[in-house]
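Accompanying notes for the structure given below.
Position 1 is the first residue of the sequence, and the numbers go up from there. Only heavy atoms go into these numbers, but all of them, side chains included; no hydrogens, no water, no symmetry mates. This is a predicted model, so every value here is computed, not measured.
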Amino acid sequence: MADFGWQGQPARLADELARAQGRVRRAVSMATAAGDEDALAWAQGQLALTMTRQALAGAAVDPTEAAVLLAQAGESFRRRGDVFGQGVTGAIGASGALAAGDLVAAAAAVRTTKALVQANGDRFIGGRIEWMEGVLAEARGDLDGAYQHIDRGLCLLDELGMRGEVTAQAALLESLAERRGEHALAAQWRVFVSGRNGGLARHDWLLRASARNAEGHAARARGGYERARRAHEEAVALFTDAQAWDAVAQTRTALDGLATGVGDPDAGAAARSVS
């Protein structure tokens, strides 16, 4: 699921994902023509995931189509007793809710999927779900909860020997420890990460960025303008790292509207500028 090595690449993310969607649509057509229910379910799930990643990156996709594809794939897996497939579709559904900025729906999807994978003992999906719980906790401002979930996810992935993913999670734990004021613990994670290969996959940058944006919108609705500004600025930085330029532009628009709404036209002008 990781796509390490993307940073610094000149290719436009929107174009990459559009090409990926075309490939997966062909796979759906081929599986349908062949009457292969298993292959069709996986292709439908992959197409829903690709569309979710497009939405996370700021592209316009049909959320109804993605939801229908995911529901069809999930029902196929359920009917055939494929718990791993059900866990995958549940995790994709949680990502889709995050892409739509709905933290409540994302949390609900995570809870349902977590119950499923705990009953089955699947460590891979369990690790992904712990990661997503950490992202959601961070979006709520719960740094302790974020640390605990990501730490548990790291342990599950380490049991599977997923060295690159473990390094990525450890880097997040270093950052969270620093933000919690636990500098000695952060230093330990820094030593652990040093010299190791691996980093967040690009779609995980997008998930974190979307969670920051959802946090910003929620904070603004409650009148927490400074928290909203910080959250949107963090989202801009994350989207920029992922080279998701459409999402960068949309988030800058949100910052512009926020600044204008609080009577700070200079900040609005700064939000519109592209670094």
Between [X] and [Y], is there shared hydrophobic-cluster membership here, with clusters defined by ILVMFWY side-chain heavy atoms closer than 4.5 Å?
{"X": "Val61", "Y": "Trp245", "result": "no"}
{"X": "Leu185", "Y": "Phe192", "result": "yes"}
{"X": "Leu156", "Y": "Val135", "result": "no"}
{"X": "Met132", "Y": "Met51", "result": "no"}
{"X": "Phe84", "Y": "Phe77", "result": "yes"}

[Y] side chain reached by [X] side chain, heavy atoms, under 4.5 Å:
{"X": "Gln169", "Y": "Leu200", "result": "yes"}
{"X": "Phe239", "Y": "Val236", "result": "no"}
{"X": "Trp205", "Y": "His203", "result": "no"}
{"X": "Leu176", "Y": "Asp144", "result": "no"}
{"X": "Leu98", "Y": "Leu136", "result": "yes"}
{"X": "Tyr147", "Y": "Glu182", "result": "no"}
{"X": "Arg222", "Y": "Arg227", "result": "yes"}

Which residues satisfy the side-chain hydrogen bond (donor to acceptor under 3.5 Å, both in side chains) test with Thr251, sequence neighbours excluded?
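So Thr251 forms a side-chain hydrogen bond (donor to acceptor under 3.5 Å, both in side chains) with Asn213.
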Would you be so kind as to tabulate the donor-acceptor pairs closer than 3.5 Å made by side chains of residues 105-114, with sequence neighbours excluded?
unit_1 : atom_1 : unit_2 : atom_2 : d
Thr112 : OG1    : Ala108 : O      : 3.1
Thr113 : OG1    : Ala109 : O      : 2.8
Lys114 : NZ     : Glu130 : OE2    : 3.3
Lys114 : NZ     : Glu133 : OE1    : 2.9

Donor-acceptor pair, distance only, cut-off 3.5 Å: does the side chain of Gln243 make one with the backbone of Leu13?
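Side chain of Gln243 to backbone of Leu13: no pair is present.
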Short side-chain to backbone donor-acceptor contact, Ser95 and Ala91, under 3.5 Å
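Looks like yes, one N/O pair under 3.5 Å.
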Could you report the tightest heavy-atom contact between [X] and [Y], atom names first, then the distance?
{"X": "Ala146", "Y": "Ala137", "answer": "N-CB, 3.5 Å"}
{"X": "Thr52", "Y": "Ala99", "answer": "O-CB, 4.1 Å"}
{"X": "Gly126", "Y": "Val117", "answer": "CA-CG2, 4.1 Å"}
{"X": "Ala214", "Y": "Gly101", "answer": "CB-O, 3.7 Å"}
{"X": "Leu103", "Y": "Ala139", "answer": "CD1-CB, 4.2 Å"}
{"X": "Ala171", "Y": "Val193", "answer": "N-CG2, 3.7 Å"}

[X] side, atom [atom1]; [Y] side, atom [atom2] - distance, nearest 0.5 Å:
{"X": "Arg53", "Y": "Ile92", "atom1": "CZ", "atom2": "CD1", "answer": "8.5 Å"}
{"X": "Leu160", "Y": "Asp122", "atom1": "CG", "atom2": "CG", "answer": "8.0 Å"}
{"X": "Gln250", "Y": "Leu255", "atom1": "CD", "atom2": "CG", "answer": "12.5 Å"}
{"X": "Trp189", "Y": "Leu172", "atom1": "CH2", "atom2": "CG", "answer": "11.0 Å"}
{"X": "Leu157", "Y": "Ile150", "atom1": "CG", "atom2": "CD1", "answer": "11.0 Å"}
{"X": "Gln54", "Y": "Leu17", "atom1": "CD", "atom2": "CG", "answer": "5.5 Å"}

Less than 3.5 Å apart, which donor and acceptor atoms pair up between the side chains of residues 38-47 and the rest of the protein, not counting sequence neighbours?
unit_1 : atom_1 : unit_2 : atom_2 : d
Asp38  : OD1    : Arg80  : NH1    : 3.1
Gln44  : NE2    : Gln72  : OE1    : 3.0

Under-4.0 Å salt bridge between [X] and [Y]:
{"X": "Arg208", "Y": "Glu234", "value": "no"}
{"X": "Glu215", "Y": "Arg212", "value": "yes"}
{"X": "Glu178", "Y": "Arg190", "value": "yes"}
{"X": "Arg152", "Y": "Glu159", "value": "no"}
{"X": "Arg128", "Y": "Asp204", "value": "yes"}
{"X": "Arg179", "Y": "Glu138", "value": "yes"}

Stepwise side-chain contact (heavy atoms from CB on, under 4.5 Å) check, Gln188 with Glu174
CA-CA 8 Å; Gln188 292 175 20; Glu174 175 195 339; over 6 Å; no
Six-ring centre of Tyr225, Arg220 cation under 6.0 angstrom, axis tolerance 45°
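No.
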Single hit among Leu238, Asp241, Leu56 for side-chain contact (heavy atoms from CB on, under 4.5 Å) with Leu206:
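That would be Leu56; it is the only one of Leu238, Asp241, Leu56 passing the side-chain contact (heavy atoms from CB on, under 4.5 Å) with Leu206.
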Candidates Val83, Asn120, Val88 - the one meeting side-chain contact (heavy atoms from CB on, under 4.5 Å) with Ile125
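Result: among Val83, Asn120, Val88, Val88 is the only option passing the side-chain contact (heavy atoms from CB on, under 4.5 Å) with Ile125.
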Could you tell me if Thr50 and Gln21 have a donor-acceptor pair between their side chains, going purely by distance under 3.5 Å?
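Side chains of Gln21 and Thr50: no pair found under 3.5 Å.
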